[in-house]
Amino acid sequence: MKTPDAVEDGAPPRPLPDREVWTWVNSLIEDVRREEESDAFAQNLGRWDLAVRTFRRAEDEIMYLDDPSEPDRRFCLFLLHTLAAMGNRLLIHSQQFTAQELDRFGVKHGQIEAYVAEVEESLREWSNDADPQKVSDLEAAIFGAKT
Amino acid sequence: MPRPESIAAVHAAKYDLRWCSPEEKECKLESYHEALRVAASQFGASVTDLKEAIRKDFGPWMKENNLPKAPVEPE
């Protein structure tokens, strides 16, 4: 491969390109790319937040205030698994942005972490595999004959 | 048998956590964990067993408190 300053057919060598200009253009492109990436991240975070809030409404209505069927429980768990996985992906993605970049969207790393932890907390609650006898004894101790 | 205050406190902390704004999540998650620790300690149970034992009581607690309220939409 010939370099730009290689002598070709006896012609005088071409001058090297202005490396500072390349670097400057490249940094401008990088700025645009990062801004696009962070905008896309913020959009996805907003969509995930909406999905979690919508899930909470359904969870209240079906799982807590109604009498959920076994398919309801399975679907609830499936959705929580998905929301937790999406949340963790966003959390990992957020690590590539600085606190200042996240500030543009009014969000902090710790808040995303706590939000994902909350969803994982629900996942653990619904997939609880505690000893039924222990739980039954505890229910009796807490609520007496109520449950 | 009336619901123990520590259990009502867990339900309230859980409700607040579920419906608070993203900015409040860290603080509300901490409050929920603290309420769980207090209640679990009162009944000499693990937090995991306690959560399972009181899960079915969350719906009745919400009804008694006229919840859920209309959620606040994110800005």
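Chain A is the first sequence line, chain B the second, and so forth, proteins listed ahead of strands; every chain is numbered from 1. Scope of the values below: all heavy atoms of this structure, side chains included, with no hydrogens, waters or symmetry mates.
Other residues, nucleotides and ligands contribute only 12 or fewer heavy atoms inside 6.0 Å of the CD atom of B:E30. Counting non-hydrogen atoms of other residues, nucleotides and ligands closer than 6.0 Å to CD of A:E37 gives a total above 12.
Interface check for chain B: of the options A:R124, A:E59, A:K134, A:E125, the most heavy-atom pairs under 4.5 Å are formed by A:E125. Interface check for chain B: of the options A:L138, A:D60, A:V119, A:V135, the most heavy-atom pairs under 4.5 Å are formed by A:D60.
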TODO: Take B:L36 and A:E121 through the side chain to side chain contact (heavy atoms under 4.5 Å, CB included) test and state the conclusion after the steps.
DONE: CA-CA 12 Å; B:L36 279 168; A:E121 187 96 31; 4.3 Å; yes
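Of the two parts of B:L17, the backbone and the side chain both hold a non-hydrogen atom closer than 4.5 Å to a non-hydrogen atom of chain A. The part of B:C20 that comes within reach of chain A is its backbone (N, CA, C, O), which places non-hydrogen atoms under 4.5 angstrom from that chain.
Each of B:K63, B:R3, B:K51 was checked for a salt bridge (Lys or Arg N to Asp or Glu O under 4.0 Å) with B:D57, and the lone residue meeting it is B:R3.
The line from OG of A:S27 to CZ of A:R33 is 12.5 Å long, rounded to the nearest 0.5 Å.
Aromatic ring centres of A:Y64 and A:W126: separated by under 6.0 Å.
For residues 83-115 of chain A, heavy-atom neighbours of chain B at less than 4.5 Å comprise A:G106, A:G110, A:Q111, A:A114, A:Y115, sorted by residue number.
Under a hydrophobic clustering in which Ile, Leu, Val, Met, Phe, Trp and Tyr are joined whenever their side-chain heavy atoms come within less than 4.5 Å, directly or via other members, B:V38 and B:V47 fall into different clusters.
Using a 4.0 Å cut-off between charged side-chain N and carboxylate O, A:E118 and B:K28 make no salt bridge.
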